[in-house]
Amino acid sequence: MDLTKLNDEQLKAVKYNDGPLLIIAGAGSGKTRVLTVKIAYLIENIHISPYNILAITFTNKAANEMKERVHNLIGSDADFIQISTFHSFGVRILREKDNAKLLGYDKNFSIVDSEDSLVVIKKILKELNLDPKYYNPRSLRNKISSLKNDMLMPDDYEKYTASDYEKACLNVYRKYQKKLKEGNLVDFDDLLLLPIKLFRENKKVLEYYQERFKYILIDEYQDTNEAQYKFSKMLASKYRNITVVGDDSQCIYGFRGSNYKNILNFEKDYKDAKTILLEENYRSTTNILDAANDVIKHNKNKKDKSLWTKNEKGNKIKYYRAYNEKEEARYVVRKIKELVSSGVNYEDIAILYRTNAQSRVLEEEILKDNLPYKVVGSFYFYSRKEIKDLIAYLRLIYNEKDNVSFLRVINYPKRKIGPKTIEQLTEKADKEGISLYEAIDSGKELEFKKIIEDLKKVKDNVTLTELIDKVLDASGIRKELESEKTLEAEIRLENLEEFKSITRGFEEKEGLISLEDFLFEISLVSDKEEYSTDNNRINLMTIHSVKGLEFDYVFVVGVEEGLFPHINSLMDEKDLEEERRLCYVAITRAKKDLYLINAKRRVLFGNDEINPPSRFIGEIREELLDANTEIEKQEEKIKDEEIFRDEEVDYNVGDYVYHETFGTGKVVEVTETLVSVAFKHPYGVKKLMKNHKKLSKI
DNA sequence: GGATGCTTAATTTTT
DNA sequence: TTAAGCATCC
């Protein structure tokens with residue numbers, strides 16, 4: 001193993017392999033490098049079997065990257081190392097041997113996402129006759145999730161319930177757990193909780209996994225929650241070969257129960273723990289690093305450390321205040337085009353934002369110039385109705401107890417099965433302790449049952465892509481959409497085709513994939529970009545999803561009070577500090593150049609808001625910033641654009657038109673002053689002023 | 001049971 | 001702005 005490229009501290013971290021090790025690694029200090037080399041070192045120099053190594057990362061993306069990098073170091077031995085997120089490792093345990101059975105689940109359980117959880121909770125509120133106006137389903141879901149992250153089961157929570165609200169909450173929680181179990185379903189939090197329960201109740205099983213994973217490495221330890229903490233502690237308690245890496249300045253998942261104190265407590269848990277500090281940054285220019293340090297300095301709660309770099313000073317950080325969010329996006333696109341014309345690759349550029357909703361304007365502007373881009377970590381595609389419907393069919397075929405999927409598709413497409421029938425089925429199912437699907441014994445519902453039964457029969461004899469075609473036909477989804485003859489239905493069909501290209505991609509890359517494997521894969525990796533191949537594209541993502549990544553050129557947009565820091569965090573100093581850490585993460589992603597951008601006005605919730613620049617801008621010392629604010633000039637330009645055409649344009653149904661923002665579309669309806677134009681997804685049909693300047697006939 | 005139209009709430013962040 | 005939930009009518 002080539003260790004010559006490591007600095008002294010990194011080398012120490014790689015070589016220390018007798019007992020607990022804590023690595024405090026600043027941003028860009030080469031921690032992934034240390035982790036991958038350490039794994040390679042364990043295998044090649046200490047001759048540990050790859051089978052005995054467990055490496056936990058925070059995202060699937062990070063896991064894949066680590067796999068690839070270890071593979072590059074040691075070749076195919078890398079395939080035997082368990083490298084995954086906590087959640088997918090949890091799935092793996094639950095699917096192995098009889099583990100699911102031991103916990104009272106069938107082996108073919110399926111995973112519900114947070115949208116499904118919400119559906120379940122709404123249903124429970126109805127059953128309990130609780131007013132969803134008072135008992136907000138979303139906050140109930142979040143409450144239940146955070147209880148689970150803190151490892152408080154209904155019986156544990158009972159001790160803390162005082163108010164009526166809390167009692168109702170407990171009631172919903174109980175019922176929620178019951179419903180999931182009845183449906184042979186688990187949620188994301190269960191993926192951590194159930195393995196812990198398994199280990200607690202079955203000493204033999206725990207011993208097996210302790211024996212198996214003698215060496216444990218955990219990345220992003222500052223973002224572990226109580227359940228993850230407990231889980232790793234149990235696994236490591238026998239051999240104590242546990243290495244954790246983290247940076248308290250980068251803890252950004254407090255809202256999900258993560259606790260950076262886990263990192264500070266490591267030395268208390270393991271009295272003999274060795275601590276190594278990685279403080280040299282290899283990633284960013286001095287200017288960028290200085291700016292990051294300036295910002296994070298304003299947090300009171302932090303461990304003191306000094307991140308430094310030998311890198312050159314570099315350019316100043318470009319700060320730009322635009323007139324509105326469109327100008328902001330235009331500025332970014334303009335700068336990207338300049339960069340690309342000077343030889344920069346699209347893939348080395350990232351645009352970062354605080355909230356997912358911000359991606360839309362950016363996409364519109366990028367689309368106008370036809371630049372290649374991808375929205376990383378967006379589960380938008382998988383949350384589309386048609387995709388969820390299809391997946392619900394697949395889930396039901398795989399696990400007939402899945403009542404959530406059952407209720408979603410029992411009457412889609414329309415089969416004249418309404419609330420009355422559902423109620424009867426529910427009653428019967430409750431009485432006999434069976435699932436809704438099993439409760440079917442008569443009427444129209446039998447036809448539905450037959451469809452599913454037939455699909456079950458063929459599922460093992462056809463490829464996944466073929467199965468999807470069969471589902472689309474047998475269910476009647478395809479027929480339904482084809483007969484609609486609307487643009488929207490057409491787009492839905494296109495999306496279903498795209499889904500098939502994803503499964504086809506799977507089959508080409510990894511050989512035949514079973515329905516089972518596929519369902520687990522997509523319930524944990526909700527990002528279809530992970531399966532695409534053309535990678536030279538601009539990266540758009542939230543700051544949360546960019547953690548662990550780096551780019552030559554980074555644009556951070558929406559750096560405004562109320563957006564970043566987010567309005568919901570302004571009340572509480574703790575939340576504000578998390579926003580600041582988030583800002584620190586954003587800044588430290590940049591290697592060569594950093595752009596901080598905001599807008600004077602921005603449309604939020606459909607109305608115009610005016611926000612001052614983010615306090616984080618002011619926290620960076622002035623000499624690091626290259627500020628450029630041309631708002632007045634932009635204001636004039638905007639006024640100009642809003643002037644309408646003088647001459648009346650005559651549109652007819654069927655005409656093709658061009659719109660500056662939405663591109664080419666087709667006229668579907670004309671009234672006195674308005675034209676309805678159908679644009680390609682994601683814009684749909686828009687009603688537009690006939691004589692607006694942005695619209696023209698082609 | 002299904003279609004239509006009105007009111008209102010929602011946007012933090014992810015596995 | 002948009003999506004979801006509810007009321008009303010066929």
Side-chain angles (χ1 to χ4, degrees), chain A residues 56-63 84-91 111-115 117-119 122 125-126 131-133 136-139 142 145 148-149 186-193 220 223-225 227-228 251-258 325 352-361 376-379 382-385 411-422 444 520-527 541-548 558 562-570 575-576 578-579 581-583 585-586 602-609 682-684 686-687:
Chain A
I56 301 277
T57 60
F58 197 70
T59 63
N60 293 296
K61 207 185 183 70
S84 55
T85 63
F86 272 110
H87 290 87
S88 42
F89 184 53
V91 169
I111 302 169
V112 295
D113 62 24
S114 35
E115 201 187 315
S117 294
L118 200 60
V119 172
K122 282 180 186 165
L125 289 176
K126 220 169 248 170
D131 182 6
K133 289 234 166 65
N136 182 298
R138 283 180 100 89
S139 42
N142 297 343
S145 175
K148 287 171 107 169
N149 282 154
V186 302
D187 65 14
F188 288 135
D189 304 319
D190 288 330
L191 295 177
L192 302 171
L193 277 183
E220 311 280 8
D223 279 320
T224 50
N225 61 33
Q228 291 164 332
C251 173
I252 56 175
Y253 282 91
F255 69 95
R256 223 174 81 187
S258 76
E325 77 272 18
L352 310 181
Y353 35 83
R354 177 66 179 83
T355 67
N356 280 307
Q358 288 168 259
S359 74
R360 191 161 169 179
V361 195
V376 179
S378 130
F379 54 103
Y382 287 103
S383 63
R384 291 200 56 104
K385 181 188 179 302
N411 199 34
Y412 178 79
K414 299 249 150 33
R415 297 188 180 86
K416 303 205 161 136
I417 301 172
K420 244 187 170 160
T421 318
I422 308 272
K444 284 251 175 285
F520 281 113
E521 180 86 22
I522 60 168
S523 30
L524 290 174
V525 184
S526 50
D527 189 351
M541 64 190 103
T542 64
I543 301 166
H544 281 88
S545 14
V546 81
K547 189 161 71 150
L563 189 61
F564 191 25
H566 194 271
I567 190 150
N568 295 352
S569 69
L570 299 180
D575 293 338
L576 199 62
E578 181 150 316
E579 295 287 306
R581 290 193 293 270
L582 200 53
C583 184
V585 169
R602 179 181 300 274
V603 178
L604 288 169
F605 294 110
N607 42 26
D608 222 1
E609 313 246 343
Y683 307 111
K686 298 265 174 197
K687 281 200 184 348

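Each chain gets a letter, A, B and so on, in the order the sequences are listed, and its residues count up from 1.
- For A:H87, taking side-chain heavy atoms from C-beta onward, the closest of the listed nucleotides B:dT11, C:dA4, B:dT15 is B:dT15.
- Between A:K133 and A:N356, the one whose closest nucleotide on DNA chain B sits nearer the 5' end is A:K133.
- Counting any heavy atom pair closer than 4.0 Å across all strands shown, A:S545 reaches sugar-phosphate atoms only and no base atom.
- With B:dA10, B:dA3, B:dT15 as the candidates, the nucleotide lying closest to the side chain of A:T85 is B:dT15.
- Listed candidates were B:dT11, B:dT14, B:dG1. Nearest to the side chain of A:A357 is B:dT11.
- A donor-acceptor pair under 3.5 Å links the side-chain atoms of A:N225 to the main chain of A:Q228, judged by distance alone.
- The two atoms that bring A:F188 and A:S523 nearest to each other are CE2-O, 3.5 Å, heavy atoms only.
- Of the candidate nucleotides B:dA9, B:dT15, C:dA4, B:dT15 has the atom nearest to the side chain of A:F188.
- The side chain of A:T355 approaches B:dT13 more closely than any other nucleotide in the set B:dT15, B:dA3, B:dT13.
- Judged by ring centres under 5.5 Å apart and planes tilted less than 30 degrees, A:F255 stacks against the six-membered base ring of B:dT13.
- Among the protein residues, A:Y253 comes within range of the sugar-phosphate backbone only, with heavy atoms under 4.0 Å from sugar or phosphate atoms but none that close to a base.
- Among the protein residues, A:D189 comes within range of no part of the nucleic acid, since none of its heavy atoms lies under 4.0 Å from any strand.
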